[in-house]
There are 2 protein chains.
Amino acid sequence: MDNKRDQILRAAENIIANEGLHNLSMQKLAKDAGVAAGTIYRYFTDKDELIDELRRDVLTQIADSILQGSEIGSVEQRFRCIWFNIIRLGETCTMERLNFEQYTHLPGANSEEHRQFERATFAPLHALFNEAKAEGVIVDLNDELLFALALEPAVGLCRRMRRTGLNFSMDELEVVCDLSWHAIKR
Amino acid sequence: MDNKRDQILRAAENIIANEGLHNLSMQKLAKDAGVAAGTIYRYFTDKDELIDELRRDVLTQIADSILQGSEIGSVEQRFRCIWFNIIRLGETCTMERLNFEQYTHLPGANSEEHRQFERATFAPLHALFNEAKAEGVIVDLNDELLFALALEPAVGLCRRMRRTGLNFSMDELEVVCDLSWHAIKR
DNA sequence: CGCTTATGAATGAACGTTCATTCATTCTAG
DNA sequence: CTAGAATGAATGAACGTTCATTCATAAGCG
């Protein structure tokens, strides 16, 4: 019965998304997950480890969603796919799932160990940037700067959509995606 | 003695910046601020209101820092000033002050009431965008999209500098600022 | 097959601690 | 002397965690 563990993780994700980390108590979590308080400790050694596992779990979900479908086409097509995947994270934001910014504020998300896990999870993105640089399609800057220039706008809009609940029109988004791409295009 | 109130806010900011919101207890806060636990309740009705006040206080600090010196020069010069002010927030990030991303995750930061306060606080930035659009210097998009395209890269780099502790060279930053500006330049 | 025994997942009451908040008391400035 | 500011011990609720107990299922055996 490994789905107990998953029930617990999903319930924890839900509570943090809706009420914040400071409202995640083990008894509430147990109640929401439909298990007894003690059961949680069969699957996680303590609250810290549970949050640790949740962090990894959520990052994997987010990365899958962002990289989905970005394996085919020209580098520009693949870039646009990722750009709109990020936007989609803001549009389809439910109250049941943690989003990227909430995730980055889980304790431990800034540890060297976790950043390494992050780098590995987003390896396909780095591969795309390297390919594009090798082809001479985009400017030769390091990946952090490229991400900041071209994808951070999408992240920012995603964040704003979630915060304000306001959506942007497809036309507007197309324009911004275009300008984002041209910002790093050689 | 209104500096008692400020002592308390500064100590709260410090604790949240260093140990996170979930480690902010009223007794620890009292000890760190150098007052008795009961004294806090002379200045704030309860913990929620204290965090409310802290949120406003920190936003004002951040806005002052970001807008500092951006009143003079051409729209491009003023834009560059703001862009590097944001970067400076990442570089001079101390452990004693809350940064922008930590601030956005204080409970209540997404309330309609607070977003209105935010808009008012950043009014000079909206004025700058409007002036630039009126002059025809930048593309005619709404402020959210302009911010996402041109300033979100700076915010992203600021965030990364704080998370990883890594700084970028002035040359690199100049290049990225330039490309950010050109992304919205007509 | 039926009966007994062993297993370990699941439980939730109970534990000691820490929490936010209160208030009778003490201090202090005018 | 007095009024308001400051105190910090006291309070009960809520916290993370533990553990004796329960119970459905599996294993062992004649």
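For the numbers below, each heavy atom of this structure counts, side chains included, while hydrogens, waters and symmetry mates do not. Naming: A, B, ... by sequence-line order, numbering from 1 per chain. Remember, it's a predicted structure, so these values are computed and weren't measured experimentally.
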So does B/Glu135 pair up with B/Lys185, basic N to acidic O under 4.0 Å? no
Charged N to carboxylate O below 4.0 Å: is that the case for B/Arg10 and B/Glu13? yes
Atom [atom1] of [X] to atom [atom2] of [N]: distance rounded to whole Å?
{"X": "A/Lys31", "N": "D/dA14", "atom1": "NZ", "atom2": "P", "result": "12 Å"}
{"X": "A/Gln7", "N": "C/dA9", "atom1": "CD", "atom2": "P", "result": "16 Å"}
{"X": "B/Leu29", "N": "D/dT7", "atom1": "CG", "atom2": "P", "result": "13 Å"}
{"X": "A/Phe44", "N": "C/dA10", "atom1": "CZ", "atom2": "C1'", "result": "15 Å"}
{"X": "B/Ile40", "N": "C/dC23", "atom1": "CD1", "atom2": "P", "result": "17 Å"}

Please say yes or no: joined through hydrophobic side-chain contacts below 4.5 Å, possibly via intermediate residues, are B/Met170 and B/Trp83 part of one cluster? yes
Does A/Lys4 place a side-chain N or O at less than 4.0 Å from the phosphate oxygens OP1/OP2 of C/dA10? yes
Phosphate OP1/OP2 of C/dA10 contacted by A/Arg42 side-chain N/O (<4.0 Å): no
Produce the list of close N/O pairs, under 3.5 Å, pairing protein atoms with atoms of nucleotides 18-21 of chain C; give distances to one decimal.
unit_1 : atom_1 : unit_2  : atom_2 : d
C/dA20 : OP1    : B/Leu24 : O      : 3.1
C/dA20 : OP1    : B/Lys47 : NZ     : 2.3
C/dA20 : OP2    : B/Met26 : N      : 2.5
C/dA20 : N7     : B/Gln27 : NE2    : 2.6
C/dT21 : OP2    : B/Tyr41 : OH     : 2.8
C/dT21 : OP2    : B/Lys47 : N      : 3.0
C/dT21 : O5'    : B/Tyr41 : OH     : 3.4

If only side-chain N and O atoms count, and only distance matters, is there a donor-acceptor pair under 3.5 Å linking A/Gln61 with A/Asp57? yes
B/Glu172 and A/Asn142: side chain donor to acceptor below 3.5 Å: yes
Please check: side-chain N/O of A/Glu152 versus main-chain N/O of A/Leu149, any donor-acceptor pairing under 3.5 Å? no
A/Ala37 meets the side chain to side chain contact (heavy atoms under 4.5 Å, CB included) criterion, sequence neighbours left out, with A/Ala30
Mind listing the N/O atom pairs, protein and nucleotides 22-26 of chain D, below 3.5 Å?
none

Kindly assign one of parallel, tilted or perpendicular to the pair A/Phe79 and A/Trp181, based on the angle between their ring planes and the thresholds 30° and 60°. tilted
